[in-house]
**Q** 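Starting off with a structure, shown below.
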Amino acid sequence: MKKNISLLLSALFLTSAFSEQAKIKVAASLPDLASIASAVGGEEVEVFSIAKSNANPHFVEVLPSYMIRVAKARIYVKAGLGLDQWADAILDGSRNNNITVVDASSGVSVLEKPTGKVDASLGDVHPQGNPHYWLDPRNGVHVAETVRDALKKTDPAHAAAYEANFEKFRTGSESRIRDWNGRMAPLKGKAVITYHSSWVYFAHAFNLRIVGYVEPYPGIPPTARHLRELLETIKAEKAELLIQEPYYSGKDPEFLARETGIKVFRFTPSCDGTGVGDYWKHFDDITNAISAGMSNTPVKNSAGGN
Amino acid sequence: MLSNFFRRPRKVAVLFSLALAPAFAGVVNPDLSALGQLRAQVTDDAASPDRNQPTLSPGEAEVILSAPLNPYFNGAFTFSGSENGVAVEEAYTTMVRGLPWGLGLKAGKYRLDFGKLNAAHPHAYPFIDPPRAWVSLMPGGEEGFNEGAFEVSALLPTPGDWASTVSADVIQGASFHPGDDRARVGWLGHWSNSFLIGDAGALEAGVSTATGLDDIDTKSRGVLVGGDLKAKFTLANTAQLTLQGEGAYRRSHKVDTATGTASPEDRAGFFVIADYRHPSRFSGGALFEQWARAGEASVTDRAARVFAGYAVLEESTLFRISVERFMPDGGTLGTRAVHTVSAKLLFSMGPHKAHQF
């Protein structure tokens, strides 16, 4: 009897050890980074994201359950540039000695790097530059490159598969970027207002011109005076679209829309899922919604609710 | 001789550089934060010297430093200062990596992990003052159960998203016998569990126990046992609802100085909180508590509060207000209810904000 129990326990242990080895667990701060890791890791990885697509990525509550998830991971993909400082507490709390932490921003050309002294009088400015880089699909390829290198180092046995998956992601991105550019071409050079400075990379990628923000400073809610000034800017610059995240109040964008006729689009800053292709689907949804909305045709997708 | 030494600037510079060189190697500044406050209060408490008079006080200011000490250890210091002086509220190090089997170490002076509320800094309380039940039951009273201690903890191997941590602390023990210059060590144990409720939120539950000598001469040992439950729900548009409750039982001893004998007193109490946080700027809630009074264990006091908070711009400037009705249940305090209105403006600089609960 004793022998049987010990055999059963050994089998259970081996099964669990085998399944642990079967897939490399990759944790990511954001769903976008997780989706890219899914694409590059393919069958060899199991991926999860800490932040949800509809959450403000600046503020994520550190929960012990996140630590236990990260405790079982081999790679952690951080957004970097000071966006996900909460990830450090999760990593510390995970007590994982074998995890490789990857900064996904490392291969990216960073926009809005502040010059001169940075302090809170400028609002919630990130000293290393604007951290919302994944909203430029070209940066997705840089992130994929960083993830590929980390996976090859962690799991050299499947290096060829990671290399092939990366190539597939790169070429897939390139062809889709051509489609998205085509869809957004009529809006080239158009003036745009955004609520927070999260859409700087998106505007850069699709040649939109950000002429104002609903927030007077990053992270600081608007004042009546700022909204009056913004009204003038919208009129002077002939801005026709305003992009905001669903977690910000819709009151002020709706006021601006009433006063100027500007069209308000609400998009989550991250994709809704961590699977292969979810990162691309987010751009599909956003570019579809904007192009349909701006040509006064019914909106097909709203990527988080319009 | 000293003046001669300082007349040789080159030699001083060389010596200073030799002394400082190792300290500068790879070292960067720690995260530095400071919190200040202004507090206003009016109460009809007959025992207060300021009864029915509005009062204004600067309260406590805090300076918080935190940083990795090296690749394996983090360090944190919290200094609190008021008109009465400066005190070290916390100074501890934690070993965050390098140990096997999910083990962790913590050493120094810190707010002990007895339940959820005690470990949190009071500036995070949306209801301004700590619950009266906890002030009455916790060793350390108003300052919280906060001592020099050494902790070993383990992250248990649990399935799925269930996070389970068990910790054991050797504590200074002085909170059990305040007023005695001698100190005898005590013990504390805590088992905490956390579960994700899908995307809707998280549930945390724990049990704690602590023991220490209430009186060193008679060796009368006090015991504290508690349970905590906290549920946090994410509602539409990132609003949050937190429901939290904690209960504790304490056996303490009072020594009759004439006979030198210790007599035990058994007391229990609890508090429950509901705190709603509207996206980023507004919050509001209620607190109810009940406890057996110290020294009059047969008397059960109650108190209820409603509270609200407003982030003036974002979390660096917070305004909080609370209205409390304290309902003593006889004994030396009588049965007349006491009403207190408290307001607090919290302002902070640096990464450690006057954060929400």
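Below, all heavy atoms of this structure are taken into account, side chains as well, without hydrogens, waters or symmetry copies. In what follows, every chain begins at residue 1, and chains take the letters A, B, ... in the order their sequences are listed.
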**Q** Can you say whether B:Y72 sits under 4.5 Å from chain A via the side chain, the backbone, both, or neither, judging by heavy atoms?
**A**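 For B:Y72, there is no contact with chain A at all, as no heavy atom is under 4.5 Å.
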
**Q** Between B:S153, B:S164, B:S192, B:P157, which residue shows the highest count of heavy-atom pairs closer than 4.5 Å to chain A?
**A** B:S153

**Q** Would you compute the distance between atom CG of B:L196 and atom CD1 of A:I68 and round it to the nearest 0.5 angstrom?
**A**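 Going from the CG atom of B:L196 to the CD1 atom of A:I68 covers 11.0 Å.
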
**Q** With a 4.5 angstrom heavy-atom cut-off, which part of B:T94 approaches chain A: side chain, backbone, both or neither?
**A** neither

**Q** Only counting residues at least two apart or in another chain, list the ones meeting salt bridge (charged side-chain N to carboxylate O under 4.0 Å, His left out) with A:E112.
**A**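 A:E112 satisfies salt bridge (charged side-chain N to carboxylate O under 4.0 Å, His left out) with no residue once adjacent residues are dropped.
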
**Q** Any donor and acceptor pair, going by atom type alone, linking the side chain of A:N97 with main-chain N or O of B:G98 inside 3.5 Å?
**A**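 Judged by distance alone, yes, a pair lies under 3.5 Å.
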
**Q** Would you check if there is a donor-acceptor pair between the side chains of B:T165 and A:R95 at a distance under 3.5 Å?
**A** no

**Q** Which residues in residues 73-82 of chain A have any heavy atom lying under 4.5 Å from a heavy atom of chain B?
**A** none

**Q** Which bit of B:P159 comes within less than 4.5 Å of chain A, counting heavy atoms only: side chain, backbone, both or neither?
**A**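 Just its backbone gets close to chain A.
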
**Q** Could you tell me which residues in residues 103-114 of chain B have at least one non-hydrogen atom under 4.5 Å from a non-hydrogen atom of chain A, sorted by residue number?
**A** B:L103, B:G104

**Q** Could you tell me the separation between the CD atom of A:E61 and the CD atom of B:Q240, rounded to the nearest 0.5 Å?
**A** 5.5 Å

**Q** Let me confirm one number: the CZ-CG distance from B:R97 to A:L91, rounded to the nearest 0.5 Å.
**A** 7.5 Å

**Q** Looking only at heavy atoms, which of residues 202-209 of chain B get nearer than 4.5 Å to chain A?
**A** B:A202, B:E204

